[in-house]
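Report on one structure; see the data block that follows.
These numbers were taken from a predicted model, which means no experiment stands behind them.
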Amino acid sequence: MQIIDGKALAAKIKQEIKEEVAVLKRNHQVVPHLAAVLVGNDPASQSYVKSKVRSCELVGFESTLIRKDDSITEQELLEIIEDLNENDDVDGFIVQLPLPKHIDEQKVTLTIKPEKDVDGFHPVNFGKMTQGIDAFLPATPMGILEMLKRYEIKTEGKHCVVLGRSNIVGTPMSILLSRKAYPGNATVTITHSRTKDLSAVLRSADIIIAAIGIPEFVTGDMVKEDCVVIDVGINRVEDSTRLKGYRLVGDVDFESVSSRCSYITPVPGGVGPMTVTALLMNTLKSAKSKMSA
Ligand code: NAD
């Protein structure tokens with residue numbers, strides 16, 4: 001069994017981005033700029049945004065963090081988005097989800113200009129993705145594709161089972177892996193909370209992508225020998241032995257599954273760092289596309 005070390009791979013790709021940014025700066029006076037909007041005090045969101053800002057600094061991007069209290073109205077948030085849409089200094093921006101209940105997330109996503117939607121959530125980018133047209137791919141599936149590519153994992157003709165059908169992970173992942181491309185050309189089954197006999201479906205999988213948000217849901221008895229397991233889940237479970245009082249686990253029971261599979265991503269240190277890296281890759285792409293426009 002080999003661990004897919006997302007943390008090390010992310011560090012390697014960030015180094016590549018850093019070198020490219022240095023050249024852009026030197027030869028074209030271009031510095032990619034990512035902005036992030038954070039609403040409220042959700043600890044997980046704060047930690048994700050912090051990691052995104054830190055990564056920007058590391059690769060030499062400019063970054064802007066706009067923090068707002070969760071009493072912000074929907075209209076005020078939409079105005080901030082409009083300003084970022086019009087700000088030529090900003091190459092891309094994200095609005096960290098989830099948002100407070102009184103704000104319509106769909107409206108927020110639709111207001112972000114597709115050319116700056118480096119999270120790849122806007123239907124224009126999503127639609128382009130489904131048709132194989134160049135677009136910003138959603139950051140988490142894009143990070144997973146990069147991981148499969150860099151570890152040279154074969155996907156063609158494989159049976160890939162995706163657990164979860166969210167708009168940001170499960171559904172785009174299933175589309176990307178069935179595309180006529182590499183990584184892709186897989187036979188994909190997308191599963192969800194209404195799927196019958198999920199264990200039997202999982203046992204027929206050569207590649208499993210787990211994105212359901214249920215701690216350690218996939219266990220060793222549900223997987224085939226030598227399968228590849230990508231664990232997207234990030235779940236906090238109580239742990240009094242830790243300083244913070246919790247630890248992070250994935251949607252996969254690492255211990256029982258890792259003894260059967262050929263490759264597995266750990267949590268933390270697997271998909272998470274690659275998601276942030278994909279966001280940087282999209283922001284760099286946006287900055288470069290402005291240069292050639
Ligand atoms: P979501 O809550 O939007 O969707 C969960 C999906 O799981 C739904 O489609 C639901 O039908 C399905 N589901 C629920 N119970 C199921 C069951 N018993 N069997 C099969 N399917 C079931 O989730 P999301 O936003 O896609 O996130 C999923 C997990 O991935 C969460 O833990 C989240 O924190 C994590 N996540 C991690 C990253 C990363 O960068 N590593 C990025 C995004 C999300």
Side-chain angles (χ1 to χ4, degrees), residues 32-40 42 44-49 51-53 55-56 63-66 68 72 74 77-87 90-146 162 164-179 190 192 209 211-213 232-234 271-287 289:
H33 183 179
L34 175 70
V37 183
L38 175 62
V39 178
D42 176 59
S45 294
Q46 285 182 355
S47 132
Y48 297 149
V49 169
S51 144
K52 288 166 189 175
V53 170
S55 294
C56 282
S63 69
T64 300
L65 173 58
I66 302 172
K68 293 287 165 191
I72 188 171
E74 185 179 276
L77 181 59
L78 295 179
E79 279 165 21
I80 291 171
I81 295 172
E82 293 291 5
D83 286 347
L84 289 167
N85 280 342
E86 297 315 313
N87 185 341
V90 172
D91 295 299
F93 65 95
I94 59 151
V95 179
Q96 186 66 44
L97 302 178
L99 291 166
K101 291 209 168 15
H102 64 278
I103 298 175
D104 180 348
E105 284 185 2
Q106 206 171 49
K107 214 184 241 179
V108 166
T109 302
L110 286 170
T111 307
I112 299 173
K113 210 179 192 174
E115 295 83 355
K116 293 195 177 187
D117 167 43
V118 284
D119 250 341
F121 294 166
H122 193 286
V124 165
N125 282 315
F126 202 94
K128 284 184 174 173
M129 172 193 74
T130 63
Q131 299 196 11
I133 301 169
D134 187 43
F136 292 125
L137 298 182
T140 301
M142 177 174 166
I144 294 171
L145 289 186
E146 197 62 31
V162 178
R165 57 179 162 190
S166 73
N167 285 339
I168 64 171
V169 189
T171 297
M173 197 70 250
S174 68
I175 293 166
L176 289 164
L177 281 171
S178 56
R179 286 197 310 184
I190 184 161
H192 44 76
I209 315 272
I212 54 174
V232 184
I234 303 178
V271 175
M274 289 302 294
T275 296
V276 179
T277 304
L279 188 66
L280 298 177
M281 289 164 80
N282 274 343
T283 307
L284 179 61
K285 177 185 169 107
S286 175
S289 73

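The backbone N or O of Glu105 lies less than 3.5 Å from a partner atom in the side chain of Thr109, making a donor-acceptor pair. A donor-acceptor pair is defined here as one N or O able to donate and one able to accept, closer than 3.5 Å; such a pair exists between the side chain of Glu74 and the backbone of Asp104. A distance-only check finds no donor-acceptor pair linking the side chain of Glu146 to the backbone of Ala278 [under 3.5 Å]. Between the side chain of Lys68 and the backbone N or O of Leu77 there is no donor-acceptor pair closer than 3.5 Å. The backbone N or O of His33 sits less than 3.5 Å from a side-chain atom of Asp91, completing a donor-acceptor pair.
Proximity of Met173 to Ile144: side-chain heavy atoms (C-beta onward) are separated by under 4.5 Å at one or more points. The shortest distance between side-chain heavy atoms of Tyr48 and Ile234 falls below 4.5 Å. Taking 4.5 Å as the limit, some side-chain heavy atom of Leu280 sits within range of a side-chain heavy atom of Cys56. By the 4.5 Å heavy-atom criterion applied to side chains, Pro172 and Leu137 are not counted as neighbours. Looking at heavy atoms from C-beta onward, Val108 lies in side-chain contact with Leu78 at the 4.5 angstrom threshold. Taking 4.5 Å as the limit, every side-chain heavy atom of Asn87 sits out of range of all side-chain heavy atoms of Phe93. Using a 4.5 Å heavy-atom threshold, the side chains of Met129 and Pro138 count as touching. Side chains of Leu279 and Asp119 form a contact here, defined as non-hydrogen atoms less than 4.5 Å apart.
The shortest non-hydrogen separation linking Leu177 to Ile209 is CD1-CD1, 4.0 Å. Residue Ile190 comes nearest to Gly170 through the heavy atom pair CD1-O, 3.8 Å, listed as atom of the first residue, atom of the second, then distance. Here the closest non-hydrogen pair linking Thr275 and Ala139 is O-CB, 3.7 Å. Taking each heavy atom of Ser45 and Gln96 in turn, the nearest pair found is CB-CG, 3.8 Å. Considering every non-hydrogen atom in both Ser55 and Val276, the closest pair reads OG-CG1, 3.4 Å. Here the closest heavy-atom approach between residue Thr171 and residue Arg165 is recorded as OG1-O, 2.9 Å.
For the atom pair CZ of Arg179 and OG of Ser174, the computed distance is 12.0 Å after rounding to the nearest 0.5 Å. Note: Thr283 OG1 to Met281 CE = 11.0 Å, rounded to the nearest 0.5 Å. A distance of 11.5 Å separates CG of Leu34 from NZ of Lys116, quoted to the nearest 0.5 Å. The distance from the CG atom of Leu99 to the CG atom of Leu38 is 9.5 Å, given to the nearest 0.5 Å. Between the CD atom of Glu79 and the CG atom of Leu84 there is a distance of 12.5 Å, given to the nearest 0.5 Å. A distance of 13.5 Å separates CD1 of Ile81 from NZ of Lys113, quoted to the nearest 0.5 Å.
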Item to check | Phe121 and Ile168: CA distance, side-chain angles, deciding distance, side chain to side chain contact (heavy atoms under 4.5 Å, CB included) verdict | outcome: CA-CA 7 Å; Phe121 294 166; Ile168 64 171; 3.3 Å; yes
Checklist entry - Between Val95 and Thr111, is a side chain to side chain contact (heavy atoms under 4.5 Å, CB included) present by the stated rule, with each step listed? => result CA-CA 11 Å; Val95 179; Thr111 307; over 6 Å; no
Next on the checklist: The test is side chain to side chain contact (heavy atoms under 4.5 Å, CB included); show your working for Val271 and Thr140 and say whether it passes.
Outcome noted: CA-CA 7 Å; Val271 175; Thr140 301; 3.7 Å; yes
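Residues in residues 120-135 take part in these side-chain hydrogen bond (donor to acceptor under 3.5 Å, both in side chains) pairs, two or more places apart or across chains: Asp117-Asn125, Asp134-Lys285.
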